[in-house]
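Report on the following structure.
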Amino acid sequence: GREFAVNGALSKGKARGSGLIFVLCIALVSLAFLPFKVEYVIYTILLIASMLSGYFDDAAETAWNEYKKGIIDFAIAIVAGVTYLNFNGCGVNFLRWSFTLPYAVYLLLIVILIWTSINVVNCTDGVDGLSASVAVVTIGTYLLAYKTELAEYGTAGVVFMGALLAYLWSNAKPSSLLMGDAGSRAMGFFIAMLSLKCAHPLAFILAAIVFIVDGSLGILKISLKRFLQQSIIPYQELLGNYNRNAAMRARTALYHTRNCRASTKEAKLLQHTPFSKTKCVPFSALSLYFLRAHSQNGHTALCRLKFPKQ
């Protein structure tokens, strides 16, 4: 997602290995302090596998193609789905209703859930602090709503939240550290497993709504950009139009200011504005125009204005 994000190029050169570090820390702490269960050990191995698939993709000189990553995610989802059904059965809860799905149908739905969660979370990781902060809210939602059902998985969720909060200290804008695919893919897998272990898999739609909307749009945007060379929102074109319109408004403001017979001090102020030397919004000229138009004390307020020399 970061490759196609606005100002995504600013992230080049920043360390991307933090996902490897905090996911391994989560795995070790969880295995050390939670009751030993074969099911959780398998999930932990799959969590690390999700992390490693993203880490090796980030470390590769040539990025892995979507099909390779999709197959890996699919394999992880199948193993996780089979493990879950073998240990928990095919029962599903929805609001106050409980029902049982056929094994094959539920396995297919689980695979779709895990695969979707991994990829929408991964696509959301394109802005500093976004995916990690949303993940903290999502995991916290599960812990508050299904504390009893999650049991020891709730403790694992607290550990995961703690690791993400520590990571956000260095990832808040402007970031100095990135989790990369290693962290985002592991987050997606963990959130999907919380959805399953709380026995309310449809809660994923509400708890992870931000991931679903943003990640789905990200997948659509990347697909159109890569395969059809089309953009959903032409950012550069919009920004170009914005700058041109702003410059036009500034010229109008400057014209009106001069036609009002600017005083000597006003003329000096206008000479120091960045209007004639840059394409960005000439804030000083606009401010001068509006302050003069609305000032009740004539030129008194304008004479006190100071703009930095360019």
Walk me through whether Thr100 and Tyr106 qualify under side-chain hydrogen bond (donor to acceptor under 3.5 Å, both in side chains). CA-CA 9 Å; Thr100 302; Tyr106 200 11; over 6 Å; no

So His200 and Tyr146, would you call those rings parallel, tilted or perpendicular, with 30° and 60° as cut-offs? parallel

Calculate, to the nearest 0.5 Å, the distance between atoms [atom1] and [atom2] belonging to [X] and [Y] respectively.
X	Y	atom1	atom2	value
Ile78	Thr83	CD1	OG1	11.5 Å
Leu144	Leu150	CG	CG	10.5 Å
Thr116	Ile212	OG1	CD1	8.5 Å
Ile42	Leu47	CD1	CG	13.5 Å
Phe204	Ile209	CZ	CD1	9.5 Å
Asn93	Leu202	CG	CG	10.0 Å

Is there a path of hydrophobic side-chain contacts, each under 4.5 Å between heavy atoms of I/L/V/M/F/W/Y residues, joining [Y] to [X]?
X	Y	answer
Leu46	Phe87	yes
Phe211	Leu206	no
Leu28	Phe160	no
Ile21	Met187	no
Trp97	Leu196	yes

Whether [X] side chain and [Y] backbone form a donor-acceptor pair below 3.5 Å:
X	Y	value
Asp214	Val210	no
Tyr167	Met179	yes
Ser18	Leu178	yes
Ser53	Ser50	yes
Ser98	Phe94	no
Ser216	Val213	no
Thr138	Ala207	yes
Ser117	Gly188	yes
Asp57	Trp64	yes
Asn88	Tyr84	yes

Check the surroundings of atom OH in Tyr103: do more than 12 heavy atoms from other residues, nucleotides or ligands lie under 6.0 Å from it?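 Yes, OH of Tyr103 has more than 12 neighbouring heavy atoms, counting only those of other groups under 6.0 Å.
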
Phe74 atom CZ, neighbour heavy-atom count above 12 within 6.0 Å: no

Side-chain contact test, heavy atoms from C-beta onward, threshold under 4.5 Å: evaluate it for [X] versus [Y] and give yes or no.
X	Y	value
Tyr142	Ile191	yes
Leu85	Cys90	yes
Tyr40	Pro35	no
Ile139	Phe190	yes
Leu164	Phe22	yes
Ser195	Leu113	yes

Should the pair Glu39-Lys197 be classified as a salt bridge under the 4.0 Å nitrogen-to-oxygen rule? yes

Side-chain ion pair, Arg185 and Asp73, N-O less than 4.0 Å: yes

List the atom of Gly81, the atom of Ile110, and the distance in Å for their closest heavy-atom pair. CA-CG2, 3.6 Å

When you look at Leu168 and Ser133, which way does the side-chain contact (heavy atoms from CB on, under 4.5 Å) test go after all the steps? CA-CA 7 Å; Leu168 280 171; Ser133 57; 4.2 Å; yes

